[in-house]
Amino acid sequence: IQLPPPITAALANKVSHYIRPMPWVASAEVDEAKDTLKIQGHQDSVDQTFKVLREVYKDHGLELNDADIITTKKAEDHHHTHSSHFHQARIAGKPGSADIIRVSEEEAAFILGRGGKTKHKIARVSGAILELHERSNIVEIFGEEVERKKARKYIDLIRAQRVGPVNVDETHDDGDLTMIYVPQSCVGFVTGSQGNFLRTCEEEWGTLMFFCDFYSPDSHHGTKSNTKQERLAIFGELEGRYGAELKVMAAIETKMPGHFTGQLGDTHSTDEWGTDTIPLSTDQLSYALGKRGSTRKKLARASRCIVEYVGSVAFLAGSLQARRRGREYLGWLCDQVCSKSGRISVDAETRNDVTLVPVRKDCIGYVMGDKRKTLSRLEEDWSVLIFFVDVPEYPPDVEGLAIFGEERGRCGAELKVMGAVETKVPLYFTKDVADRHVRTEWGVDTQPLTNDELSFALGKDGATRRKLARASCCILEYVGNIAYMAGSFDERCRARDYLSWLLGQRHGPVTVKLEGRTDIIVVEIPPPMRGMVKAAMLRDVERETGTFCFFQGDHSTTSQLLVCGAEVEDRTHAQHLLQDYLVRGVSRPSKAQHAAPAPRSKKQQAKSWGRKGGYYGGKQRGAPETSEEESEKPQPRRRSPGGGVPPPRRRRQDYASSDSESASHSDSESDDSQSDDDEDRPQRRSRPPPRDPRSSRDANRPPPTTAGKPPPPRRQWASEGSGSGSDEEIVPYWQGGGSKI
């Protein structure tokens with residue numbers, strides 16, 4: 001919306017406090033330099049914002065013209081928020097490819113699910129984009145024809161599940177259905193408490209699972225083919241369906257041993273995609289399973305095949321090459337159980353899935369860690385399988401560490417091990433390493449660093465190194481004083497540039513040539529807001545978005561903030577976070593900066609009178625200063641300088657004029673002494689008697705003497721200030737009565 005300049009500032013305030021907090025408004029931003037307003041969100045919410053706009057125009061004697069409004073539909077919008085960047089990009093590539101389904105209010109809530117989980121699950125399994133409008137109860141489906149067809153089918157099945165059993169027949173199988181028969185005695189065990197087991201399988205394998213009534217082609221309509229078993233439908237991709245099916249088979253086998261593996265032996269499939277089985281002994285199964293299944297998960301990640309133990313049989317599902325790797329890795333683990341030395345021999349020259357790292361024997365304990373925790377962490381981080389092997393070519397004091405897995409994971413784990421060995425034995429790997437830049441598609445670059453540069457590039461607990469590695473999508477490790485950069489050619493170039501820019505900040509401003517770079521977004525920071533961009537804020541944005549942010553040139557004069565990152569989504573996310581921080585900082589100033597000090601109440605003024613130096617409710621000399629809130633808290637009774645306990649504070653009260661209140665000086669002293677004796681005795685639920693404000697004990701008490709400080713002023717009453725001998729209308733001067741001192 002093109003705004004008239006007179007109302008831009010007023011509308012910026014309205015946007016911050018009224019328009020942006022509205023539900024279904026994705027973003028609302030006012031560009032005061034260009035006098036424009038940009039609103040993104042649901043159509044109903046965008047229409048509601050025009051009511052606020054017209055009120056602002058009307059207050060300034062203006063009128064909102066339709067010619068100043070430009071509306072861009074979702075399919076054509078390329079300026080989207082970071083939260084929906086990927087989905088909007090897919091929608092923009094398929095204009096007009098959308099299906100609309102109208103549902104009831106109850107069905108809309110059921111399709112949405114708790115926290116939107118059911119809707120996200122349908123979108124993940126079908127591959128389509130789902131948008132549910134709860135106000136109008138409309139479901140919009142975006143995507144290709146096949147994706148939208150699957151999404152409509154899943155929505156219809158879930159709507160049917162809300163009111164009763166789901167009927168599934170052969171027409172529902174579009175190449176995405178797997179049926180498994182579950183004995184009735186195992187249905188509750190497979191379902192889990194409140195369906196937790198099925199939901200866990202769906203989350204892990206990206207599938208959609210529910211029990212249903214299945215009508216087989218050879219059975220009459222409405223008649224169950226097998227009444228002793230329930231049928232579990234699994235929708236999703238082939239790999240996900242295989243994994244979920246094996247999970248269910250393992251659960252049934254736990255409840256009914258031998259149900260699937262009674263007569264099953266060692267099988268090996270020759271199909272491109274299939275399943276192999278390997279029987280295991282009890283010791284082998286325990287070792288291959290690991291603590292909480294950690295070894296099984298490690299085997300699956302390293303071999304890229306599905307590994308599941310159904311009873312005492314290992315099922316390997318996946319491609320032919322992945323099953324071969326999984327079978328070899330599992331065989332090596334089982335051989336370590338039977339071998340006394342626990343070592344195996346591997347010919348690394350004939351394999352393309354292994355990397356050998358020489359490790360000195362005096363460093364083996366440091367590399368493995370306590371109870372092998374260091375190697376287990378490396379295996380989990382890089383999806384590899386690591387164990388020591390016998391290498392005849394190595395010297396007697398060197399052991400071979402074999403790393404199995406994909407090339408990227410092997411390279412990352414190798415650099416980690418090299419860094420650990422270099423820490424124990426300096427220059428073991430980096431003795432003759434110089435600056436090297438490889439031109440191949442995949443390779444490893446090196447760059448020597450000084451001690452100061454290494455400390456600066458490493459950061460606290462390695463935070464700076466991880467930031468650069470994540471932003472460049474490159475493997476970055478420091479082995480001694482050498483920076484190793486592993487990855488593709490573009491990744492290594494980005495990592496080298498980011499590292500050089502980081503090191504250049506040690507000596508002064510850094511200027512980057514932006515021509516031809518596609519990994520940088522320039523965020524313009526207005527000069528009044530330049531001081532709001534602190535280093536701590538940039539570090540928070542970098543941690544959340546995986547980017548590398550710094551100012552172009554001198555921070556005090558430049559207005560360009562560079563956001564560097566390999567992924568477009570990360571850079572856009574960082575840009576919107578920075579804009580949000582700046583808008584919140586301008587529209588919501590701190591109250592402590594502009595708020596005037598609150599006036600003190602009469603009660604607070606009365607309590608603070610005569611506090612310094614005295615013992616009667618006062619603060620002892622040399623005691624630390626206390627705040628006003630702390631002074632309001634009840635304080636323990638302090639002992640007087642003479643050793644006695646001072647009388648408790650009495651509630652101040654208005655003293656009315658009365659002739660009976662004027663008594664003699666001797667009567668006042670006797671009354672006070674009697675009251676002192678009474679107050680020292682414990683009293684229950686009794687209010688102390690009122691004290692005469694003109695008591696001789698207050699009037700004749702000598703002022704406390706403090707070195708270097710004048711004594712506090714004595715309490716003065718209105719009658720004393722006016723010189724009147726009458727006691728009528730005696731009101732303390734701080735309450736506005738009588739004449740002031």
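Taking each heavy atom of I111 and I122 in turn, the nearest pair found is CG2-CD1, 4.4 Å. In this structure, I475 and C411 approach most closely via the heavy-atom pair CD1-CB, 4.4 Å. In terms of heavy-atom proximity, A483 sits nearest to L476 at CB-CD1, 4.4 Å.
A salt bridge between E131 and K119 is absent, with no side-chain N of the basic residue lying under 4.0 Å from a carboxylate O of the acidic one. In summary, K150 and E147 do not engage in a salt bridge, as defined by a charged side-chain N under 4.0 Å from a carboxylate O. A salt bridge links R408 to E491: one of the charged nitrogens lies within less than 4.0 Å of a carboxylate oxygen. Using a 4.0 Å cut-off between a side-chain N of Lys or Arg and a carboxylate O of Asp or Glu, R199 and E202 qualify as a salt bridge. The residues R148 and E145 are annotated as salt-bridged, a charged nitrogen and a carboxylate oxygen being separated by less than 4.0 angstrom.
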Original post:
Should T8 and E32 be marked as a side chain to side chain donor-acceptor pair (under 3.5 Å) after you check the CA-CA gap, both sets of side-chain angles, and the distance that decides it?
Top reply: CA-CA 6 Å; T8 302; E32 298 187 14; over 6 Å; no
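With sequence neighbours excluded, no residue forms a ring-ring contact (aromatic ring centres under 6.0 Å, His included) with F456.
T545 is not listed as a side-chain neighbour of V563, based on a closest heavy-atom distance of 4.5 Å or more.
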Going by atom type alone, with no hydrogens or angles, which donor-acceptor pairs under 3.5 Å involve a side-chain atom of residues 499-515 and a protein atom two or more places apart or on another chain?
residue	atom	partner	partner atom	Å
S500	OG	R496	O	3.2
S500	OG	D497	O	2.7

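Counting only residues at least two apart or in different chains, ring-ring contact (aromatic ring centres under 6.0 Å, His included) contacts with residues 436-455 comprise H437-F489.
At most 12 non-hydrogen atoms from other residues, nucleotides or ligands lie less than 6.0 angstrom from CG of D461.
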